[in-house]
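Have a look at the structure below before the remarks.
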2 protein chains.
Amino acid sequence: MKAASLRARVRAEMTEEIKTVAKRHLAEEGANLSLRAVARDIGMASSAVYRYFASRDELLTALIIDAYDSLGAAAESAAAGGDAFARRWIDTGHAVREWALARPHEWALIYGSPVPGYAAPRDTVTSAIRVILALGGIVAEAHAAGALPDGEPLAEPLAPEARSVADVLAPGLPPQVAFRALGGWLQLCGAISAELFGQLQNTVEARREFLEFQMRGTLAWIGLEVTP
Amino acid sequence: MKAASLRARVRAEMTEEIKTVAKRHLAEEGANLSLRAVARDIGMASSAVYRYFASRDELLTALIIDAYDSLGAAAESAAAGGDAFARRWIDTGHAVREWALARPHEWALIYGSPVPGYAAPRDTVTSAIRVILALGGIVAEAHAAGALPDGEPLAEPLAPEARSVADVLAPGLPPQVAFRALGGWLQLCGAISAELFGQLQNTVEARREFLEFQMRGTLAWIGLEVTP
DNA sequence: GCCACACCGAGAGCACTGCTCTTGACGGCG
DNA sequence: CGCCGTCAAGAGCAGTGCTCTCGGTGTGGC
């Protein structure tokens with residue numbers, strides 16, 4: 001085999017190094033990632049970076065995919081716990097929050113305001129939906145185990161769209177349950193963004209407890225019994 | 001009087017024109033506001049703009065305050081309706097969403113990822129809290145009218161902070177009610193950001209209905225009876 | 001084994017950015 | 001009326017994303 005020729009391998013290594021340095025710059029400097037600075041840090045000409053990423057946006061896209069995958073893995077691992085369903089949801093929420101606190105700029109990259117002319121390519125979606133799939137999976141499991149009331153069906157314009165979402169999560173899942181799970185994820189996402197983007201400054205300091213307070217409300221809405 | 005000398009008046013007009021053109025650029029071009037382009041559009045040298053705003057960040061701060069005030073006014077006007085409390089909350093939520101849809105980049109400016117080295121000065125907070133005050137006011141009124149159950153008290157670390165928030169909204173408001181209102185606002189904010197930032201793409205098209213679906217869940221959590 | 005080809009790094013250069021400093025000119029207050 | 005403070009403008013600095021061209025080098029086909 002040896003399909004990876006020497007040239008292809010050093011190219012892969014170089015690509016990885018650029019991404020690594022870019023992530024470090026993102027963590028240290030903030031959102032305005034400078035391609036030239038990354039190149040300078042590696043020790044090569046800025047123009048050489050363009051051999052690996054056609055543009056700054058393409059580099060950002062690669063970082064976005066990595067971030068989605070990293071967050072998705074963290075969420076999946078937290079969601080896989082053997083506890084009660086509600087407990088698993090809460091644990092996953094805390095895991096997502098901690099991931100975000102450790103990499104605030106990567107969180108901003110994926111859930112903050114989109115960069116100017118940037119439109120997420122199709123490649124990102126499979127990585128992007130991992131965390132919602134993990135959360136939705138908990139709800140779907142709970143429903144399959146009979147631990148979740150169906151709730152009242154949805155009105156007209158929402159029902160068919162909710163059905164599509166439900167079919168992705170688990171065949172036979174009631175649409176309204178799927179939409180509650182989706183809404184629950186958006187709430188979690190919004191709460192974490194609010195903390196990270198400074199909206200809670202001088203208002204709430206016990207952030208972890210406040211997030212759990214909100215998640216308990218969410219779970220009650222979804223219909224998952226939550227034990228203290 | 002005539003405290004506003006001719007010089008001071010043309011200065012105020014110039015300041016306003018810069019802000020107006022900057023807002024237009026923001027709406028057309030996107031987040032990366034160029035001070036030079038604004039100056040070019042007005043027809044003056046870029047260096048002259050610095051007579052009015054010491055830096056690009058200061059211009060952004062002015063735009064942020066304007067955005068907060070504009071959104072706050074929209075929310076206050078929607079929240080003032082004479083309908084049932086739940087209806088007023090929902091109407092306010094829709095008003096906030098429509099404001100955001102009409103000015104997506106201004107929304108991103110205030111609720112999206114913060115700009116790199118930027119820290120919101122103290123001047124912004126009075127404008128920033130107007131919308132949460134409007135929403136919290138509805139809840140406080142409902143509680144005063146006896147239309148809202150107290151719910152169970154908060155556990156230790158949250159209680160004192162919730163008390164401070166409650167005191168701002170209305171004297172005597174139970175802390176847990178205030179925190180539910182705050183959480184409800186964060187949910188609303190997160191849901192709108194999710195729509196604007198593209199998280200619902202190819203998933204939910206009936207955005208207005210989906211937002212209302214989520215708000216009804218929020219209101220049930222807060223304890224406000226919502227009639228269909 | 002060799003050689004053309006594809007790839008790669010470096011440098012110069014373009015158009016743009018935020019921001020500073022200096023130079024004149026003009027308006028308004030004492 | 002004079003003069004001080006404010007103003008617009010231009011040049012300039014350091015930085016950015018990106019393109020192009022130029023030599024050098026690994027690689028696959030003959």
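Letters A, B, ... are given to chains in the order of the sequence lines, protein chains preceding strands, and every chain is numbered from 1. Here the structure is a predicted model, which means the values were calculated and not measured. Excluded from the calculations below are hydrogen atoms, water molecules and symmetry mates; all remaining heavy atoms, backbone and side chain alike, are included.
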Output the rounded distance in Å from [atom1] ([X]) to [atom2] ([N]).
| X | N | atom1 | atom2 | result |
| --- | --- | --- | --- | --- |
| A:Leu33 | D:dG17 | CG | C1' | 12 Å |
| B:Arg56 | C:dT17 | CZ | P | 11 Å |
| A:Arg36 | C:dC14 | CZ | P | 13 Å |
| B:Ile18 | D:dC7 | CD1 | C1' | 12 Å |
| B:Glu58 | C:dG18 | CD | P | 15 Å |
| B:Asn32 | D:dT16 | CG | C1' | 12 Å |
| A:Glu29 | D:dG15 | CD | P | 13 Å |
| B:Leu35 | D:dG15 | CG | C1' | 16 Å |

Item checked: Donor on one side chain, acceptor on other, A:Trp107 and B:Ser113, under 3.5 Å -> no
Check: With a 3.5 Å cut-off and no angle check, do the side chains of B:Thr218 and B:Trp89 form a donor-acceptor pair?
Finding: no
Checklist line | B:Thr203 and A:Ile129: CA distance, side-chain angles, deciding distance, side chain to side chain contact (heavy atoms under 4.5 Å, CB included) verdict | finding: CA-CA 11 Å; B:Thr203 306; A:Ile129 59 176; over 6 Å; no
Note to self: Measuring from the side chain of B:Met44 (C-beta onward, heavy atoms only), which nucleotide among D:dC18, D:dG12, D:dA9 has the closest atom?
What the structure shows: D:dA9
Next item on the list: Please determine if a side-chain N or O atom of A:Arg11 lies less than 4.0 Å away from the OP1 or OP2 oxygen of C:dA6.
Entry: no
Check: Is any side-chain nitrogen or oxygen of A:Arg40 closer than 4.0 Å to OP1 or OP2 of D:dT16?
Finding: yes
Notebook entry, point to check: Can a salt bridge be assigned to the pair B:Glu76 and B:Arg130 using a cut-off of 4.0 Å between side-chain N and carboxylate O?
Noted result: yes
Note to self: Between B:Glu16 and B:Ala12 (side chain of the first, backbone of the second, donor and acceptor by atom type, cut-off under 3.5 Å), is there such a pair?
What the structure shows: no
Margin query: Applying a 4.0 Å non-hydrogen cut-off, can you work out what A:Leu59 is touching in the nucleic acid: base, sugar-phosphate, or nothing?
Written below: nothing
Margin query: Give the residues of residues 45-55 of chain A touching DNA chain D, defined as any heavy atom closer than 4.0 Å, sorted by residue number.
Written below: A:Ser46, A:Ser47, A:Tyr50, A:Arg51, A:Ser55
Checklist line | side-chain contact (heavy atoms from CB on, under 4.5 Å) partner of A:Val168, chosen from A:Leu133, A:Leu173, A:Ile132 | finding: A:Leu133
Next item on the list: Look at the aromatic rings of B:Tyr111 and B:Trp185 and report parallel, tilted or perpendicular, splitting at 30° and 60°.
Entry: perpendicular
